[in-house]
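Values below: all heavy atoms of this structure, side chains included; hydrogens, waters and symmetry mates excluded. Remember, it's a predicted structure, so these values are computed and weren't measured experimentally.
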Amino acid sequence: MFPSVNEQMDLIRYGAVEIIPEDELVKKIEKCIKTNTPLRIKLGADPTRPDLHLGHAVVLHKLRHFQDLGHVAVLIIGDFTGMIGDPTGRSKTREPLTLEKAAENGRSYLEQATIVLKKENLEVRHNSEWLGRMTFRDVIELSAKYTVAQLLERDDFSKRYHSGIPISVHELLYPLAQAQDSVAIKSDVELGGTDQKFNLLVGREIQRMNGMEPQCILTMPILEGTDGVEKMSKSYDNYIALTEDPNNMFGKVMSIPDELILRYYQYALFSDLEEIQKIKLGLENGTIHPRNCKVELGKRIVAKYHNSDEADKAFEYFEKVIKNKEIPDDIQDYFLDSPITELMIQDILVSSNLCPSKKEAKRIIEQGGVYVDSVKIDDPFQKIHISEPKIFKVGKRKFLRIAHKKYN
RNA sequence: GGGUAGGUACCGAAGCGGUUAAACGGGGCAGACUGUAAAUCUGCUGGGCUCCGCCCUACGGAGGUUCGAAUCCUUCCCUGCCCA
């Protein structure tokens, strides 16, 4: 029924940073094989931000590995904890989320997560189910199990504390709430990024205090964003969303610095280690050109999240529009609802949402970033006839075919 | 409860009665360059007006002093730190 311990551990170890404690996990797996009972693998999802990206996918893939081994993935939508917002890595208190908003984000989260996860062996839970029912007394009992000093061990808490940045009490409670999830769903293993290590360990502690066998924890690396410096995150705008359209997805992969290529092969693609080794050698001895390698990486990532047809198209688009600065084939149409057919270029750019304001439109025009039918426009007040559709280009990759709306 | 330091644009941070749409840095955008949407360099970076000038909005909130305030006064809100 279940693969052997070694087989399982090989897959589980792939890409993992830490497994704490590893021997306990081995024991759990042995027991699972013996009793033919799948392990319950927990992953908590923070529904504060609705867009999942390749960074989130790293740990989702690990969860998928467990599913493939026959274990149960317990995905927790933190609709309740979303009201607190995990302060991990943040130097600022998060904006609280309403339960409704959290639930809505949770739905879209699930939709995106199942791009990576399979629907079999998947249990989805919302933590408002148990956290929302706790009374103040329950909360006091829970918080009595941990000390302020223990909580302040957490790096970002202590940093904030020592540099005088406010920490609200509810933020301190977050790790305990997350730990309570582990108690509620009786997890055997909890997954998370390395930045989650503290929270995951608290879960162990709290489970033990509730007389349960503590969960093992497994941490995955934090994937760097396209800038190659910061972790991939929406707030740094260096992310590649799972639902990113093929052209953007490919382009964003192309924009990663060369040093990140191998890391993306490993953690965005989960390629075989032998293959990664081969690429590494090739890059080192010059038999593989980094650009071609990145093209391949981009195509494969697009193929993974879309399909290989889209991947080829995205590559062609990139070659054409970015490399050769040509006009793409498929440009969206926009029909201006205006009684006049001759309008100032700056007005056209604003009404078609190519620019957010006239000032901005003016700026870009004056800086030489605007072309109409491949002719550079340098006067923001120049009038353009749009009785027939014209192709507007703003910056490197914003295109729109604009025409006057026809009334019949 | 007492004391003290603060709250400035997307973020960090200067300014402390007029020359301030607000230095500087980051970010963002545009241009050049490039295998690249990387790196680097250059420029721009509140909004409106046919616009080389004018008009709005803006320095935690609300009032006030003044010809004139982000800068002074009053009051309220928020935050750090120290002492209880």
For A:Asp272, enumerate each residue passing the side-chain contact (heavy atoms from CB on, under 4.5 Å) test, keeping only those at least two apart in sequence or located in another chain.
-> A:Glu274, A:Glu275
State the pairing partner of B:A9; accept Watson-Crick or G-U wobble contacts with both distances under 3.5 Å, and report none otherwise.
-> none
Base, sugar-phosphate, or nothing for A:Asn247, non-hydrogen atoms under 4.0 angstrom?
-> base
Re B:G46: Watson-Crick or G-U wobble partner, both distances kept under 3.5 Å, found to be B:C56
Rounded interatomic separation in angstrom, taking CD from A:Glu296 and C1' from B:G35 = 16 Å
List for me each residue that meets side-chain contact (heavy atoms from CB on, under 4.5 Å) alongside A:Pro380, sequence neighbours excluded, and say none if there are none.
-> A:Gln346, A:Lys362, A:Ile365, A:Glu366
So do the side chains of A:Asn121 and A:His71 get within less than 4.5 Å of each other, counting heavy atoms only?
-> no
Under 4.0 Å between a Lys/Arg side-chain N and an Asp/Glu carboxylate O for A:Glu205 and A:Lys145?
-> no
Starting at CE of A:Met249 and ending at C1' of B:A37, how long is that distance when rounded to a whole Å?
-> 15 Å
Pick the C1' atom in B:G7 and in B:C51, then give their distance to the nearest Å.
-> 37 Å
Identify, with sequence neighbours excluded, every residue that meets side chain to side chain donor-acceptor pair (under 3.5 Å) alongside A:Gln266.
-> none
Expected string for nucleotides 79-84 of chain B under the B/S/- scheme (protein heavy atoms, under 4.0 Å, primed atoms plus P, OP1, OP2 as sugar-phosphate) is SS----
Whole-angstrom distance between B:U71 and B:G26, as gauged at atom C1' = 26 Å
Do the non-hydrogen side-chain atoms of A:Met134 and A:Leu142 ever get within less than 4.5 Å of each other?
-> yes
List every contact pair, protein side and nucleotides 47-53 of chain B side both N or O, where the distance is under 3.5 Å.
{"from": "B:G47", "atom 1": "OP1", "to": "A:Ser357", "atom 2": "OG", "distance (Å)": "2.8"}
{"from": "B:G47", "atom 1": "OP2", "to": "A:Arg363", "atom 2": "NH2", "distance (Å)": "2.8"}
{"from": "B:G48", "atom 1": "OP1", "to": "A:Lys358", "atom 2": "N", "distance (Å)": "2.9"}
{"from": "B:G48", "atom 1": "OP2", "to": "A:Lys358", "atom 2": "N", "distance (Å)": "3.3"}
{"from": "B:G48", "atom 1": "OP2", "to": "A:Lys359", "atom 2": "N", "distance (Å)": "2.8"}
{"from": "B:C49", "atom 1": "OP1", "to": "A:Lys358", "atom 2": "NZ", "distance (Å)": "2.2"}
{"from": "B:C49", "atom 1": "OP2", "to": "A:Lys358", "atom 2": "NZ", "distance (Å)": "3.4"}
{"from": "B:U50", "atom 1": "O4", "to": "A:Lys383", "atom 2": "NZ", "distance (Å)": "3.2"}
{"from": "B:C51", "atom 1": "N4", "to": "A:Gln346", "atom 2": "OE1", "distance (Å)": "3.4"}
{"from": "B:C51", "atom 1": "N4", "to": "A:Gln346", "atom 2": "NE2", "distance (Å)": "3.0"}

Of all residues at least two apart in sequence or in a different chain, which pass the side-chain contact (heavy atoms from CB on, under 4.5 Å) check with A:Val17?
-> A:Thr194, A:Thr219, A:Pro221
To the nearest Å, how far apart are A:Lys396 NZ and B:C33 P?
-> 10 Å
Does B:C16 have a Watson-Crick or wobble mate here (both distances under 3.5 Å), and if so which one?
-> none
Between the side-chain atoms of A:Asn238 and the base atoms of B:G27, is any donor-acceptor pair under 3.5 Å?
-> no
How far, in whole Å, is B:G61 from B:C78 if one measures between their C1' atoms?
-> 10 Å
Can you tell me the pairing partner of B:U4 across any strand shown, Watson-Crick or G-U wobble, with both distances under 3.5 angstrom?
-> B:G80
Using purine N1 to pyrimidine N3 plus N6-O4 or O6-N4 for Watson-Crick, or N1-O2 and O6-N3 for G-U wobble, each under 3.5 Å, what pairs with B:A70?
-> none
Pull out every protein N or O sitting under 3.5 Å from an N or O of nucleotides 59-61 of chain B, one pair per line with the distance.
none

Between C1' of B:C29 and CG of A:Leu354, the distance in whole Å = 14 Å
For A:Lys393 and for A:Pro257, locate the closest nucleotide of RNA chain B by heavy-atom distance; then report the residue assigned to the nucleotide nearer the 5' terminus.
-> A:Lys393
Sugar-phosphate only, base, or nothing, as touched by A:Asp227 at under 4.0 Å among non-hydrogen atoms | nothing
Taking the P atom of each, how far is B:G1 from B:C76, in whole Å?
-> 13 Å
Under 30°, 30 to 60°, or over 60°: which ring-plane class applies to A:Tyr239 and A:His53, parallel, tilted or perpendicular?
-> tilted
How long is the line joining CZ of A:Arg397 and P of B:G31, in whole Å?
-> 11 Å
For A:Asp378 and B:G31, what is the distance between atoms CG and P respectively, to the nearest whole Å?
-> 14 Å
Is any side-chain N or O of A:Gln367 under 3.5 Å from a base N or O of B:G43, one able to act as donor and the other as acceptor?
-> yes
Distance, P atom - from B:G12 to B:G60, rounded to whole angstrom | 13 Å
Rounded P spacing from B:U42 to B:C77 in Å = 49 Å
Could you measure between the two P atoms, the one in B:A22 and the one in B:C59, and give it in whole Å?
-> 15 Å
Those residues at least two apart in sequence (or on a different chain) that pass side chain to side chain donor-acceptor pair (under 3.5 Å) with A:Lys376 are none
Partner of A:Asp156 under salt bridge (charged side-chain N to carboxylate O under 4.0 Å, His left out), chosen from A:Lys159, A:Arg160, A:Arg154 = A:Arg154
Just jot down the side-chain contact (heavy atoms from CB on, under 4.5 Å) partners of A:Ser128, sequence neighbours excluded, or say none.
-> A:Asp79, A:Phe80, A:Leu99, A:His126
Note: for A:Gly368 and A:Asn292 on RNA chain B, the residue whose nearest nucleotide lies more 5' is A:Gly368
Using the P atom in both, what is the distance from B:A9 to B:A58, to the nearest Å?
-> 13 Å
So do the side chains of A:Ile391 and A:Val372 get within less than 4.5 Å of each other, counting heavy atoms only?
-> no
Syn or anti: how is B:C51 classified when any glycosidic angle within 90° of 0 counts as syn?
-> syn
Can you name the side chain to side chain donor-acceptor pair (under 3.5 Å) partners of A:Glu141, sequence neighbours left out?
-> none
Just wondering, do A:Arg40 and A:Ile185 contact through their side chains at under 4.5 Å, heavy atoms?
-> yes
State plainly whether the residues A:Lys42 and A:Asp188 are in salt-bridge range, i.e. N to O under 4.0 Å.
-> no
State the pairing partner of B:U36; accept Watson-Crick or G-U wobble contacts with both distances under 3.5 Å, and report none otherwise.
-> none
Using whole Å, report how far CG of A:Asn248 lies from P of B:A37.
-> 13 Å
Closest approach of A:Cys355 and A:Val394, non-hydrogen atoms and distance?
-> SG-CG1, 4.4 Å
Roughly, in whole Å, what's the span from NZ in A:Lys323 to C1' in B:A38?
-> 16 Å
Using the test side chain to side chain donor-acceptor pair (under 3.5 Å), find all partners of A:Asn285 that sit at least two apart in sequence or belong to another chain.
-> A:Thr287
Heavy atom of residues 303-322 of chain A under 4.0 Å from RNA chain B: which residues?
-> A:Phe318, A:Ile322
